[in-house]
Structures are given as C-alpha cells and as structure tokens.
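Step one of this worksheet: look at the structure below.
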Protein chains: 2
Amino acid sequence: MNRVIGRLSAPPTLADVAELAGVSRQTVSNAVNNPDLLREDTLARVQAAIEQLGYQPNRAARSLRTRSSRLIGLRIAPAQEGNANALMDRFVHALVDTSREAGYHILLFTGDAEDPVAGYDDLLRSTAVDAFIVTDTFMGNPAAAWLRSRRAPFVAFGRPWDDEHDSVHPWVEIDSAAGAAMATGHLIERGHTRIAWIGWRKDSVLGEERRSGWTRTMREHGLATTGLASRVEDTIASGRAATVALLDEASPTAFVCASDTLAMGVLHELYARGLRPGEDIAVTGFDDSQVAQTVPPGLTSVRQPLEDAAVAVVKALEGLLGNPPYLADGVMLQPRLVVRGSS
Amino acid sequence: MNRVIGRLSAPPTLADVAELAGVSRQTVSNAVNNPDLLREDTLARVQAAIEQLGYQPNRAARSLRTRSSRLIGLRIAPAQEGNANALMDRFVHALVDTSREAGYHILLFTGDAEDPVAGYDDLLRSTAVDAFIVTDTFMGNPAAAWLRSRRAPFVAFGRPWDDEHDSVHPWVEIDSAAGAAMATGHLIERGHTRIAWIGWRKDSVLGEERRSGWTRTMREHGLATTGLASRVEDTIASGRAATVALLDEASPTAFVCASDTLAMGVLHELYARGLRPGEDIAVTGFDDSQVAQTVPPGLTSVRQPLEDAAVAVVKALEGLLGNPPYLADGVMLQPRLVVRGSS
DNA sequence: CCTAGGCTCTGGATCGATCCAAGGATCGAT
DNA sequence: ATCGATCCTTGGATCGATCCAGAGCCTAGG
C-alpha cells in the first residue's frame, strides 16, 4: 500500500506577500519589524496580504541574517528518581511560558556526564541558541565559568558560586536562609523549642545557607542548637538515619529539613515508629514538591517562587540580548512557607 | 562603570575552513556530510582544518538551505499541582537524551489555553521545527487532527484517539490494561479477593482501558466486581471520597487505582482512619511517580517504560523525516509493576 | 521657481551552507 | 597518443530574510 506521507507544503515567503500587496520585499519586512516606518494605508495593505497568505517569517532565514535564533538553551540534568525533588519541572514550565511572551523558545539539551561543557559548546559553535540559562550553579558548576570565558551570554539561576564578587553575569536566586528561618519560626510559634535540623553535607554552599536560617532563628529566640543538627546526603535513607540518631539522642519535637527528600526520610521513621507527623512530631521540608503536597497529612514546606524566578531570568536575558546589551543586577527572591498537616 | 558584556566572537565558517585547508567550500561541506566522496588525504587535511578552527556548521544557514531545522517541537501542558503525576518529566528527559543521539533537539512550547493549536501553527508556519511529538492524545487532542490536516509530520505518544483505524501517523503506546491487570493479579496472589477499582470518569478512553485490565483479571479468577468500582475525577479529594464510599459499602481489602493521585486519596483516608497501607489494606497506583517512590511505606505502582517509549518515538520520527519517508508501525509497550510496602 | 529635508519605498548585496552542473585529474584500454 | 570513464573538486546559484544606500515624492522655506 503506497500512501503519501504528510509533508508541509511550502509556506509563503516575504516575496509572495510583497507581490500580493504590490510592494517590495523590504516594505513587507518593515511592516513586520518596524510598522511605524510605513504609511498607514500601505501598512494596512501589507497586513491584509500577510493575513491572507498566513505569512510567518522563516526562522532560519531571519536567524541567518540577524545572527540570532531567539532560542534559549537549557541543560537538563539526568532525572533523579527516588527523591522528592521535582523543582525543575515547575521551573521549566514557568520558563517556557515567560519566554514565549518575550519571543523566545526554550531548547533542551543534555551533555555527557563526563564533559559537562560539551552540550554548551556544540550549541554555541553552531550558533543554535542566543543564550543559556544555567541552573545548578550552587554546586560549583564548571559550565558557568566556561561560558564566561567564552563570553557567551547566560543567566544563572543561583548566585555566583565562586569568590568573585564582581559578577559578570546576571543571576536570580531564592533566599534559602529566609526559607529555613520561616520554617523554624513557624515551629517556634507553634510552641516547639527543641527543633532539629537535617541538612546537606558541609560542602554544599546552598545547604549551609539554609542551615544558617535555622541557626539564626533558633539563636534569636534563645534556643539551643547543640546536638540538634545533622548533615547528610540528600536521600530518604540518610534522612531517616539522621532522624533515628536525633530522636534517640536529642529528643527533638520538631524537624526542619533542607529538602522534601530529607523530610520524607523523617516521615518514614515516624511511620515506622507509629508516630503521627503534626501531632506527635512536627516536620517541615523544602521545595513544596508534589510529594509534599500529596503525602498524608500534607508536608509543610518552603515553596520557592519559581514563576517569579522565571520572570526575572527572562528579564535578565532580554537585557543581555538587547541592543545595547544591559547587564541586569542580581535578583534575590523570597520564598514562602506552605503550612500543611505535618506541623 | 563601563563593562564589556559577553558577546560571541564570530565562529569560523565553511569558507574559513576551506581556505585553511586549501580546498573549496563544497569540498569542506562534503567532508562534513559525505566524507566518502573525498580522497583520503584531502579528507584528512580538511578534518584537520575543521579541528584546528573548531568549526561547526551554522545551523541557521544549513537549516535555510536544507529546509530542515533538526528540531522537534514538544508542547508541554500547564504544570498541574496537588496531584502526583510527574510522568512528563521523566519522558522529557528520556526524549532529550534519545533525540540527541539521533541529531535532534527538543524545542518546548506552550499554547493558549483557548486555542490548543496556536503554538503548533506558529512553529509550523515559521518552519521552526521539523516535526512534533504529541503527548496527550487520549483526551481527544484536537492538535493531532489538526496536524494531520496540515500534513505536518508528528508522532503520537498514545494511540490514535478517534475511530479512524487507518491511522496515518506513527504512535507509541503503553499497554495500560496490562498494567492494571498486573496490579490486580499481584493483589490476588497476595490473597485478596475483594479488590476495588478507583478510576477515571467514563469519558476517558485511557481510564476505561485501565479499568478493563482490572475487570478482566477479576473475572479470570472468578472474583466479583459488582459494587467494587468507582469512577471519579483525578484528584486526591475524589479518590478519598471514593475510598470512603467503597470502604463503607463494599468493604474491600485492596484498591487498584488508575493513577498515583487517586491512590494517594486512598492513603489519605487510611491515614485518617488509622489504618496501615499494606498491612490492613493494600493499595496500588499507576505511573510510579516520585510520590509513589517516597511516601511511607512506599506505594506499589505500575511503571511505564518511558525510556523505551522515547526510543520508539524518536525511531518513528527518524522514519517520518527520512528520505524516503517511512511511516513506522504503531508500537505497544508493556509496563511493569513496582511492588512496595503498600501491598 | 528652486532646493533642502523628511518621509516612503526600492533593488542589490549579504548572512553561511548546500545544490547543481560542469571542470580537471587520473587511469586503463585501444 | 588518444579517448572515455571514473573520481574528485570547483564556482555560481540558491534558500528567505534583513542591511544598506539611494531614489522618488512631497512640503516648507528662500
């Protein structure tokens, strides 16, 4: 059976529109890009022709001439399973929405596990994207330093990770310490005094940042922190192990965790002991993941304003790619606490 | 303070390579696209020049000439919160990985809520992408029918949704009925006989599909289904309400759910009643979401082979975009059951 | 009446890669 | 030595949009 497979019929070009409207190509181009250069009646005629033919500029041709693709590269790290972090998903959605309004599309890519820079390099050299958004900067992301050395435009979601305070690229960050402080303050309000911290290992800048929010708030209220902190890997098993140790040695009545994953570790141990979160022991997480939203009785969690972050990122991108280019200031956003049954 | 903002220095062009290697542009082009047309020593010389300059073909120029962008459009629906479905995330990851190997990149876009076709139309008319991947076909997605009418190449993740058995586009689907059957069979093995079903409303084709897996398996084992089925919205609250009704009226000892979200509804009610999932009442979900993986004591769930699905989708795409184009057959993949504490 | 200057509009060149048709080199056979 | 065939290489045209320089028209001012 010989069946014709769908192929696009050739779309109309600028020249087609020009002919129909009885003007030159350049005039049509102006109608699209600089409408105020045209006389009113000409503009109307051209727009009618555009409408009639359903004309849209060919992206490849435009991109070739203007040397800009209106695509933004976003590298996505391998999906992690067995934890509760689905931050990226929400951020990507927000980003796609926001950048569409600014006339940009998001191009996804991955790289080798070995060479974190490979994917960036390819896209850069083939001039496939105008800029990048770099997300996991807190881990000392080598891609960012590399991009900077290549003078490639990019915006970091996360503050500059190195000592260089004189940052040469825009960044957007969410105030993690404030988030942890909120969670801690909330538990104190509820009458807790022995509040434990379960966070990441000391080499995580972001982890230490979040921890400082807990430490600060405890201190402000004259509460002791000694023996109440634990720093582990970001897995459920580690969170659970930390819970066991803390419960047995320091008998806290509440846990503030650096991630929803760790908080789930706490919930696992409570479940095993037949304790009820929110009634017997309070727990808070970080990220407001779907897990936090759905686990019974609901996990109180620090929600990051990813939608606002996306807006700020895109705004910074527009600055970078604008003419003249403009280097936007760093932006610090405030998270908020979503209170649920676990506290 | 006047600081130079990063701009890319102009990348080398084909002509640059040609000059360095002492050959013509076309020869360099052949070295890249049809290496076997060159004599061995010429090829080596050109490749050395390419290496030395770090040359990569300009995507815009290539795309303009060949009328193909090597980009695949993927529309992402607005992120849904408060449920447990994070299917898309895993699928997108798998897709990005797989399509990279095939030389494609994934372009994300969204559309208006009102006009589901708008985003497709723009990308199509501006020849921004070579093809689309359409994901939510089971809901009677109008985009698919529209794409077909425009003769635009696309692959559906999900079977053709309408009556037209003579499908004119490739599809990849996961055998939902088999998944539900697995879950049901697993519970029967564990000794359950009164196994309830909580699924989606009757107008969901996919929902009825999954339900049939439960019905069939129950029947095969001579078990009654009367009064044991419930069809509701895909929310935690609905799932919980259905659980209440079923527990009170039909006293099942196990629940098979059409989604992890509904299963979480069951867990919520069990939690409220002080019942322990897996010990007092067994529960299974669908999709193996992060929620299923992390909720204590773990939710048994049907895991879809999204990585395999991505591979099949990309293979079908390569067929569609190949020369000559080839219309791949529909592919049906089998899910597997991930057993956890809830059963 | 003439010209300067503003407003519109135009045609040719250009971006960088690939398609195409034809040119040159090489080789064996006659 | 000549010819044809094969293999490799080449310059010009092309994809569709935008940049650029300048042409035509009109009005205001001298």
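Chain identifiers are assigned alphabetically (A, B, ...) following the order of the sequence lines, protein sequences preceding nucleic acid strands; residue numbering begins at 1 within each chain.
Base pairing of C:dT30 is made with D:dA1, judged by Watson-Crick or G-U wobble geometry with both donor-acceptor distances under 3.5 Å. Shown here, C:dA13 forms a base pair with D:dT18; the pair counts as Watson-Crick or G-U wobble because both key distances fall under 3.5 Å.
Nearer the 5' end of DNA chain D, as judged by each residue's closest nucleotide, is the contact made by B:Asn30, out of B:Ala61 and B:Asn30.
Considering only side-chain N and O atoms, B:Thr42 lies under 4.0 angstrom from the phosphate OP1 or OP2 of D:dT9.
Distance A:Asn33 CG to D:dA17 P: 11 Å, rounded to the nearest Å. The interatomic distance linking B:Asn34 (CG) with D:dC7 (P) rounds to 15 Å, in whole Å. Rounded to an integer number of Å, the gap from A:Leu43 CG to C:dT8 C1' is 12 Å. A:Gln56 has its CD atom 14 Å from the C1' atom of D:dG16, to the nearest Å.
For A:Glu307, the CD atom is densely surrounded, since the number of other residues' heavy atoms within 6.0 Å is greater than 12.
At the heavy-atom level, B:Thr27 lies under 4.0 Å from base atoms of the strands shown. Among the heavy atoms of the strands, none lies under 4.0 Å from B:Val32. Using a 4.0 Å heavy-atom criterion, one finds that B:Ser63 contacts no nucleic acid atom at all.
One N or O donor and one acceptor, one from the side chain of A:Arg65 and one from the base of C:dT14, sit under 3.5 Å apart. In the interface, the side chain of B:Arg25 is not paired with the base of D:dT10 through any donor and acceptor atom under 3.5 Å apart.
No donor-acceptor pair closer than 3.5 Å links the side chain of A:Asp122 to the backbone N or O of A:Gly119. For B:Asp89 (side chain) and A:Asp89 (main-chain N/O), no donor-acceptor pair under 3.5 Å exists by modelled atom type. The closest donor-acceptor contact from the side chain of A:Arg125 to the backbone of B:Gly54 lies under 3.5 Å.
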